[in-house]
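One structure is given here, and the rest of the page talks about it.
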Amino acid sequence: VVALNELRQLYVRSSNESLRVGDSWYLIGCKWMNKWRQYAGVSPFPHADDLPTSGPPDPEHYPGPVDNSQLLRGNGSGGSGGSALAPALYDTVDYVAVNAALWKGLVAQYGLALQSHAIERQVISVGEGARSETRIEVYRHEIRLRQHGSSRENYVTRFFSSMDTLADVKRAMCDAFDCPNNHDVRVWEMQL
């Protein structure tokens with residue numbers, strides 16, 4: 001259990017933290033987050049030097065368990081790890097991204113809704129040189145994997161980051177099809 005004042009401090013830090021390539025951030029539905037902000041009495045866009053309020057929470061806006069189900073395709077059927085997001089989600093409209101410390105604190109305090117799960121995303125660098133941009137990779141690439149000789153309908157879906165390597169894809173294939181990592185793997189057909 002995490003004290004509300006500690007969560008308020010984590011929230012201010014998370015809201016002002018710079019993105020670093022390789023860090024994990026978590027997506028939380030705006031509907032739930034807005035309810036928690038009202039409950040905790042914090043601003044939607046706090047400045048780094050803002051001191052969070054230390055007053056009592058607003059019981060009328062108790063948020064309940066963290067709920068991301070509205071962010072998931074099929075409202076929660078995306079499965080752990082895959083996080084099949086609903087299409088066309090917008091930052092600060094549909095979701096907010098929070099750092100790992102705040103995510104863990106919120107889940108420890110409020111739990112996680114039944115049709116919900118952690119939506120962890122990595123910070124990546126896009127572009128080169130002066131045009132380089134650091135951002136959270138919200139949508140991963142969906143790739144269907146199947147074994148050679150199996151029917152086209154017999155596949156598993158995995159999600160990959162732009163930063164993943166072919167070794168990461170091979171590892172996922174070996175895990176999905178229960179073969180050793182040193183197994184010979186080939187790409188036979190690729191449809192974009």
Side-chain angles (χ1 to χ4, degrees), residues 2 6-30 32-33 36-37 42 44-50 52 66-73 76 78-110 112 116-145 156-176 180-182 185 187 190 192:
V2 181
E6 185 179 344
L7 287 174
R8 289 169 173 154
Q9 291 171 356
L10 288 171
Y11 171 74
V12 170
R13 272 188 245 138
S14 178
S15 297
N16 291 284
E17 187 173 327
S18 297
L19 298 177
R20 289 184 309 269
V21 174
D23 283 357
S24 289
W25 285 67
Y26 293 80
L27 306 185
I28 297 180
C30 273
W32 187 89
M33 189 54 125
W36 180 80
R37 286 179 187 136
V42 295
F45 303 103
H47 296 288
D49 54 354
D50 282 354
V66 178
D67 187 0
N68 290 330
S69 60
Q70 75 277 14
L71 302 179
L72 301 170
R73 190 181 310 156
S80 181
S83 301
L85 293 181
L89 296 174
Y90 293 98
D91 186 20
T92 70
V93 173
D94 300 302
Y95 69 89
V96 293
V98 300
N99 66 17
L102 180 56
W103 169 258
K104 290 173 185 171
L106 291 170
V107 171
Q109 179 64 30
Y110 303 104
L112 198 55
S116 204
H117 60 81
I119 304 174
E120 180 181 1
R121 293 295 185 258
Q122 305 303 309
V123 176
I124 62 170
S125 179
V126 179
E128 294 182 23
R131 294 179 182 240
S132 177
E133 175 189 355
T134 304
R135 67 176 178 208
I136 297 170
E137 183 179 38
V138 174
Y139 287 97
R140 295 177 179 170
H141 303 283
E142 181 176 333
I143 298 179
R144 293 177 178 178
L145 307 171
V156 295
T157 302
R158 296 293 182 264
F159 295 84
F160 296 93
S161 166
S162 298
M163 303 301 285
D164 285 338
T165 64
L166 288 176
D168 296 321
V169 176
K170 177 183 178 183
R171 194 173 310 110
M173 291 172 71
C174 289
D175 289 347
N181 252 352
N182 62 355
V185 176
V187 176
M190 194 167 174
L192 299 176

Would you please name every residue forming a ring pair (Phe, Tyr, Trp, His ring centres under 6.0 Å) with Tyr95, sequence neighbours left out?
->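 Listed in chain order: nothing, the list is empty.
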Drop me the distance from [X]'s [atom1] to [Y]'s [atom2], to the nearest 0.5 angstrom.
X: Asp91; Y: Ile136; atom1: CG; atom2: CD1; value: 7.0 Å
X: Leu112; Y: His117; atom1: CG; atom2: NE2; value: 9.0 Å
X: Ile119; Y: Leu27; atom1: CD1; atom2: CG; value: 5.5 Å

Any idea which heavy atoms bring [X] and [Y] closest together, and the distance?
X: Gln122; Y: Ser24; value: NE2-OG, 3.1 Å
X: Tyr139; Y: Ala88; value: OH-N, 3.2 Å
X: Tyr11; Y: Val42; value: CE2-CG2, 3.6 Å
X: Thr157; Y: Glu142; value: CG2-CG, 3.3 Å

Sub-3.5 Å donor-acceptor pair from the side chain of [X] to the main-chain atoms of [Y], do we have one?
X: Arg121; Y: Trp25; result: no
X: Ser116; Y: Asn68; result: yes
X: Ser14; Y: Leu10; result: no
X: Asp164; Y: Phe160; result: no

Kindly indicate, with the supporting measurements, whether the criterion side chain to side chain contact (heavy atoms under 4.5 Å, CB included) is fulfilled by Arg158 and Leu145.
-> CA-CA 7 Å; Arg158 296 293 182 264; Leu145 307 171; 3.9 Å; yes
Listed pairs under 3.5 Å, donor-acceptor, residues 125-134 side chains, sequence neighbours left out:
from   : atom 1 : to     : atom 2 : distance (Å)
Ser125 : OG     : Ser132 : OG     : 3.0

In chain order, what residues pass the salt bridge (charged side-chain N to carboxylate O under 4.0 Å, His left out) check against Glu6, with sequence neighbours excluded?
->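 With sequence neighbours excluded, Glu6 shows a salt bridge (charged side-chain N to carboxylate O under 4.0 Å, His left out) to no residue whatsoever.
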Under the side chain to side chain contact (heavy atoms under 4.5 Å, CB included) rule, what do Asn16 and Val12 come out as? Steps first, then yes or no, please.
-> CA-CA 6 Å; Asn16 291 284; Val12 170; 3.9 Å; yes
Going by atom type alone, with no hydrogens or angles, which donor-acceptor pairs under 3.5 Å involve a side-chain atom of residues 96-106 and a protein atom two or more places apart or on another chain?
from  : atom 1 : to     : atom 2 : distance (Å)
Asn99 : OD1    : Ala101 : N      : 3.4
Asn99 : OD1    : Leu102 : N      : 2.9
Asn99 : ND2    : Glu17  : OE1    : 2.7

Please list, one pair per line, the donor and acceptor atoms closer than 3.5 Å that link side chains of residues 165-175 to other protein atoms, with sequence neighbours excluded.
from   : atom 1 : to     : atom 2 : distance (Å)
Thr165 : OG1    : Ala167 : N      : 3.3
Thr165 : OG1    : Asp168 : N      : 3.3
Thr165 : OG1    : Asp168 : OD2    : 3.3
Asp168 : OD1    : Arg171 : NH1    : 2.9
Asp168 : OD2    : Thr165 : N      : 2.8
Lys170 : NZ     : Asn181 : O      : 3.0
Lys170 : NZ     : His183 : O      : 3.3

Please identify each residue that fulfils side chain to side chain contact (heavy atoms under 4.5 Å, CB included) with Glu137, with sequence neighbours left out.
->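 Expected list: Ile124, His141, Ser161, Ser162.
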Glu120 with Arg140: basic N within carboxylate O range, under 4.0 Å |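 So Glu120 does not pair with Arg140 through a salt bridge.
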Can you check side chain to side chain donor-acceptor pair (under 3.5 Å) on Tyr110 and Trp36, steps first, answer last?
-> CA-CA 10 Å; Tyr110 303 104; Trp36 180 80; 3.1 Å; yes
